[in-house]
Amino acid sequence: METQKIGLLGGTFDPVHNGHLAVAKHVIQALKFDAIWFVPASLPPHKDGHGDGREISSFTHRIAMLERALRQHPSYVISDIEVKRSAPSYSIDTINILLQQREGQADLYFIIGADAFLEINTWKRHKELPTLVNFVVISRPGYPPDKVGEVIRHNFIDYTYEPSNATWSSQHSKGLFIMQQMEPVPISSTEIRRKVRRGEDIAGLVPQTVEDYIKRQNLYI
Ligand code: ATP
Ligand code: MG
């Protein structure tokens with residue numbers, strides 16, 4: 001089996017939106033990935049799961065929306081790996097399982113928005129992550145790229161930046177941190193949930209099929 005380049009896009013996806021799709025499209029083109037796996041987190045529903053007093057939608061709903069959003073894209077795959085384990089699911093465990101399953105026949109690239117990356121120091125065993133995978137850090141409106149560099153220098157050993165390919169590398173671990181500037185897409189799931197709650201239009205923020213699903217299932221109201 002030839003080594004495949006696989007991008008992993010983890011998230012809550014409550015709901016998946018056009019920002020996620022823009023990220024996937026950008027990286028698959030820029031970095032020539034063979035596939036992108038969308039990995040929804042199996043967060044247990046609890047009051048204030050989103051930090052705004054709201055519960056996170058069931059895994060079933062979030063998967064159903066991903067299926068509708070990704071239907072047209074043969075290179076996009078939905079991974080249910082995190083629901084097969086007991087929650088909470090940590091990225092380090094997910095990555096180790098995927099590497100075992102692929103028996104080393106894949107180069108994994110963990111795709112992450114700048115907002116989420118700035119909190120990486122709160123992740124379980126985060127210092128080990130770049131010994132296992134590469135990172136692709138995507139710009140996101142409101143999160144300065146300088147801060148991303150600070151986080152890399154502060155948490156991972158001996159990383160230096162090469163401007164010609166916008167990549168951080170180190171002698172100590174094989175994982176790279178690849179910076180990707182994307183045309184800003186100011187869309188978030190938080191904003192979509194808020195709009196639905198207020199009865200506002202979400203056309204253009206999510207695929208039509210996802211909008212229909214949200215309405216039919218009365219999500220976020
Ligand atoms: P929420 O508002 O509920 O946090 P979200 O829009 O941030 O939702 P997540 O499911 O948390 O969506 O995001 C999954 C991943 O996609 C994260 O790494 C996040 O940074 C990235 N991402 C989401 N939306 C965008 C966007 N518009 N531009 C760049 N990256 C994004
Ligand atoms: Mg988020």
Side-chain angles (χ1 to χ4, degrees), residues 7-31 33 36-59 61-67 69-70 76-83 88-91 94-95 108-123 126 129 133-145 147-148 151-152 177-198 202 204-207 210-211 214 219-220:
L8 302 175
L9 180 59
T12 312
F13 301 113
D14 193 18
V16 60
H17 56 65
N18 289 343
H20 299 125
L21 296 176
V23 167
K25 185 176 179 184
H26 175 90
V27 294
I28 207 164
Q29 287 175 352
L31 301 172
F33 289 164
I36 296 189
W37 293 10
F38 288 66
V39 190
S42 73
L43 305 167
H46 64 89
K47 212 169 180 301
D48 202 28
H50 280 301
D52 55 5
R54 297 281 160 163
E55 283 186 4
I56 293 168
S57 305
S58 70
F59 197 77
H61 280 318
R62 291 181 289 125
I63 289 270
M65 291 188 281
L66 278 165
E67 276 167 3
L70 307 188
Y76 299 171
V77 177
I78 304 167
S79 167
D80 61 359
I81 184 167
E82 298 211 339
V83 82
S89 35
Y90 297 104
S91 297
T94 300
I95 287 166
L108 297 186
Y109 293 77
F110 202 93
I111 304 162
I112 182 168
D115 60 312
F117 187 76
L118 295 184
E119 295 180 357
I120 199 161
N121 62 316
T122 65
W123 294 19
H126 68 280
L129 291 169
V133 289
N134 305 288
F135 278 85
V136 180
V137 186
I138 310 288
S139 55
R140 190 166 187 187
Y143 298 89
K147 283 259 189 281
V148 170
V151 167
I152 293 172
F177 292 88
I178 303 167
M179 304 294 114
Q180 284 289 313
Q181 288 288 339
M182 188 181 86
E183 190 67 38
V185 181
I187 301 176
S188 72
S189 301
T190 302
E191 183 208 1
I192 292 164
R193 294 191 301 272
R194 191 185 301 132
K195 279 184 182 287
V196 173
R197 196 155 67 233
R198 294 178 177 164
I202 56 165
L205 304 181
V206 295
V210 173
E211 190 185 340
I214 291 171
L219 299 184
Y220 313 128

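In listed order, ligands and their atoms are each counted from 1.
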Indicate the ring-plane relationship of F13 and H20, choosing parallel, tilted or perpendicular according to the 30° and 60° boundaries.
perpendicular

Closest contact, heavy atoms only, S57 versus Y220:
OG-CE2, 3.5 Å

for atom 27 (N) of ligand 1, nearest protein heavy atom and its distance come out as V185 O, 2.8 Å

Residue among I95, V136, N134 satisfying side-chain contact (heavy atoms from CB on, under 4.5 Å) with F110
I95

Quick check for you: to the nearest 0.5 Å, what is the distance between I202 atom CD1 and K195 atom NZ?
9.5 Å

Under the salt bridge (Lys or Arg N to Asp or Glu O under 4.0 Å) test, which residues partner R140, sequence neighbours left out?
D115

Nearest non-hydrogen protein atom to atom 2 (O) of ligand 1, with distance, is T190 OG1, 2.4 Å

d(D14 CG, R54 CZ) to nearest 0.5 Å is 11.5 Å

Parallel, tilted or perpendicular, judged at 30° and 60°: which one describes the rings of Y109 and F33?
tilted

Going by the atom numbers of ligand 1, which of them fall below 4.0 Å from some non-hydrogen atom of D115?
19 (C), 20 (O)

Measure from atom 16 (O) of ligand 1 to every heavy atom in R194, H20, R193, R54 and give the option owning the shortest one.
H20

How far is atom 26 (C) of ligand 1 from its nearest protein heavy atom, and which residue and atom name does that atom have?
R140 NE, 3.5 Å

Relative to the heavy atoms of I112, which atoms of ligand 1 are at a distance of less than 4.0 Å?
18 (O)

With respect to atom 14 (C) of ligand 1, which of A116, G113, G10 exhibits the smallest heavy-atom separation?
G10

Provide the number and element of each atom of ligand 1 under 4.0 Å from a heavy atom of F13.
10 (O)

Ignoring angles and geometry beyond distance, decide whether T12 reaches within less than 3.5 Å of ligand 1 through its nitrogen or oxygen atoms.
yes

Rounded distance [0.5 Å steps], CE in M179 versus OG in S139
10.5 Å

Nearest heavy-atom pair of L118 and N121: which atoms, and what distance?
O-OD1, 3.9 Å

With heavy-atom distances below 4.0 Å as the criterion, list the atoms of ligand 1 near S139.
29 (C)

Closer than 4.0 Å to some heavy atom of S188 - which atoms of ligand 1 meet that?
2 (O), 6 (O)

Just go through I187, L21, V23 and tell me whose heavy atom is the nearest to atom 30 (N) of ligand 1.
V23

G11: numbered ligand 1 atoms lying under 4.0 Å from its heavy atoms:
10 (O), 14 (C)

